Amino acid sequence: MAKEKIRVRYAPSPTGHLHIGNARTALFNYLFARHNKGTLVLRIEDTDLARNVKGGSESQMENLHWLGIDWDEGPDKGGEYGPYRQSERKAIYNKYIKQLLDAGKAYYSYETEDELEAQREEQRAMGIAPHYTYEYEGMTAEEIKSSQVAAEAKGLKPVVRIYIPEMENYEWDDIVKGQLSFESDTIGGDFVIQKRDGMPTYNFAVVVDDHLMEITHVFRGDDHVSNTPKQLVVYEALGWQPPKFGHMTLIINADTGKKLSKRDESLLQFIEQYRDLGYLPEAMFNFITLLGWSPVGEKEIYNQREFIKQFDPKRLSKSPAAFDQKKLEWINNQYIKNADRDVLLDLALNNLQEAGLVEANPEPKQIEWVRQLVNIYAVQMSYTKQITDLAKIFFERPAALTDAEIAEIKKDEARPVITTFKDELAKRPRFTAVQAMQAIQATRQVTGVKGRKLFMPIRIAATRSMVGPGLGEAIELMGKETVMAHLDQTLAELTKAGL
RNA sequence: GACCCGUUGGUCAAGCGGUUAAGACACAGCCCUUUCACGGCUGUAACAUGGGUUCAAAUCCCGUACGGGUCACCA
């Protein structure tokens, strides 16, 4: 018998940009689907009309693609299980809601939100779990009917609730967490499956869709563990077979130890923000995959194909993973060092333009100049935006010398070194890194100074900084005019200081 | 508060009854080097806790502590 085709889904609600946590859920579903040569479905869960953000689903899809995640069925791709937006599936849900109503497995509920809130408040005060208590307790069918008629007469609109069987145990073998079980009385009471506005609730729509779309495995966040028994109630009421569930741990903030909250601003949480800083998609993919999942070997850097080949949900961690910014930076740096230089140039140019350091429409010559800058700094950038800071000396007017710099050029040999170097440099036919290095060698010959005592004064005088890339390259990139001006300025400062 | 879940160095983690308890990030030192970085080497540092079970426990069981998740007409 042929093994059943694996079908998984990623089901975001379009309430904003792609969040790290959601990206991770999408990623693991993607890896699982590809590893098993299965199908990945993208379904948009937009049943809360009020919270839907315009362009939200497009933004999410765009960022998913950027990360290198693609899917086989979805609102943009179609497929035989569509439509793939829940807001377009209302008729489908209604059919099953009616079925449950007719079978006496669900009922109309007229209690208002205020009444329910008061009820929960009371329960909390009593120290018991807030839950819905059956509003028709002890009533006969006749009494229920007349209560509902009375409510309608008052102009109340009902919601539909599903009956939760008493004394039942809901359990499943979670792919990540193992055996899990909930007693039916801890689920929280008969829950709403259709809201007053006629839309289904999440816990109902998910079940209908997962079943109809023939989803075989559901990988989602840990925060859905307690939704699972509710969904199991729906599966049972409808007489359907549930898929396999796997609940992945949440990503937490290392400082607070709490689940990443979208409101937490101490940390960048949206894929787009990393994208803007010049993180590479392959690096993000690599980093996120290693968050809460571990491969077999000892490597840290894997490409997508290796991840797909290796992916095994059994190796998903049971305890939450903290988001380690430093590690992300390290991983991204690994990728940057090997990245295509045109890609880096493009990103860095963008960052430099946004920082106002390079004009909007640079001449080819300037682009070439930036290319060299990127080449020089690539090894040390964690993300391309850092170039705006790393390469400061190439863009800013020199500041006054720092104490440390003064200490370096205070030495007796400094002045002759700088003067000699200036003359040597001026003599050179061309202004290149090679020529600059030759000028330095000539300076060494003339003055007899070498090592740090030779290089430091020149570096400080020429680039007005103690740190930077190789001296030759730095001088070439800085340009003759600037370097000469720096040398003159430094010499003047030395004179002024009486050195 | 109730219900679920978790706990190996600062962080991510390997481990599946016998290990000198991997590896990576971070941190420190050394080497390379004109500087910073890169790279190389070395080091600091962990099984939450108390009881069992067992010849043997980070690994299995129970309790405790701590942490997290959820308790909506949000997903």
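Keep in mind the model is a prediction, meaning the values are calculated, not measured. Below, each value reflects all heavy atoms present in this structure, side chains not excepted, and no hydrogens, waters or symmetry copies. Quick note on labels: first sequence line is chain A, next is B, and so on, each numbered from 1.
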In B/S/- notation (B base, S sugar-phosphate only, - none; protein heavy atoms under 4.0 Å), nucleotides 40-46 of chain B written 5' to 3' is -------

What does nucleotides 27-35 of chain B look like as a protein-contact string, B for base, S for sugar-phosphate only, - for none, at under 4.0 angstrom between heavy atoms? -------BB

Taking protein heavy atoms under 4.0 Å as touching, what does nucleotides 3-9 of chain B look like 5' to 3' if B marks base contact, S marks sugar-phosphate-only contact and - marks none? SSSSS--

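Legend: residues meeting side chain to side chain contact (heavy atoms under 4.5 Å, CB included) with A:Gln148, ordered by chain and number and at least two apart, are A:Tyr108, A:Tyr110, A:Tyr136, A:Ile144, A:Lys145. Looking at residues two or more places apart in sequence or on another chain, you find no ring pair (Phe, Tyr, Trp, His ring centres under 6.0 Å) involving A:Tyr132. A:Pro243 meets the side chain to side chain contact (heavy atoms under 4.5 Å, CB included) test with A:Val218, A:Tyr235, A:Phe245; sequence neighbours excluded. Qualifying ring pair (Phe, Tyr, Trp, His ring centres under 6.0 Å) partners for A:Phe287, counting only residues two or more places apart in sequence or in other chains: A:Phe323. Residues satisfying the side chain to side chain contact (heavy atoms under 4.5 Å, CB included) test with A:His217, not counting sequence neighbours, are A:Ile6, A:Val8, A:Phe32, A:Ile175, A:Phe219, A:Lys244. For A:Asn303, the side chain to side chain contact (heavy atoms under 4.5 Å, CB included) partners are A:Arg305, A:Glu306, not counting sequence neighbours. Residues meeting the salt bridge (Lys or Arg N to Asp or Glu O under 4.0 Å) test with A:Arg161, sequence neighbours left out: none. Remark: A:His486 engages no residue in a ring pair (Phe, Tyr, Trp, His ring centres under 6.0 Å) (not counting sequence neighbours).
A sub-4.0 Å separation between OP1 or OP2 of B:rA75 and a side-chain N or O of A:Thr47 is present. Taking side-chain N and O atoms only, A:Lys195 has a distance below 4.0 Å to OP1 or OP2 of B:rA75.
Residue-level contact check: A:Lys259 touches the backbone only, with heavy atoms under 4.0 Å from sugar-phosphate atoms and none from bases.
Stem list for RNA chain B (at least 3 consecutive Watson-Crick or G-U pairs, distances under 3.5 Å): B:1-7 with B:65-71, B:10-12 with B:23-25, B:27-31 with B:39-43, B:48-52 with B:60-64.
The gap from the C1' atom of B:rU20 to that of B:rC5 amounts to 34 Å, rounded to the nearest Å.
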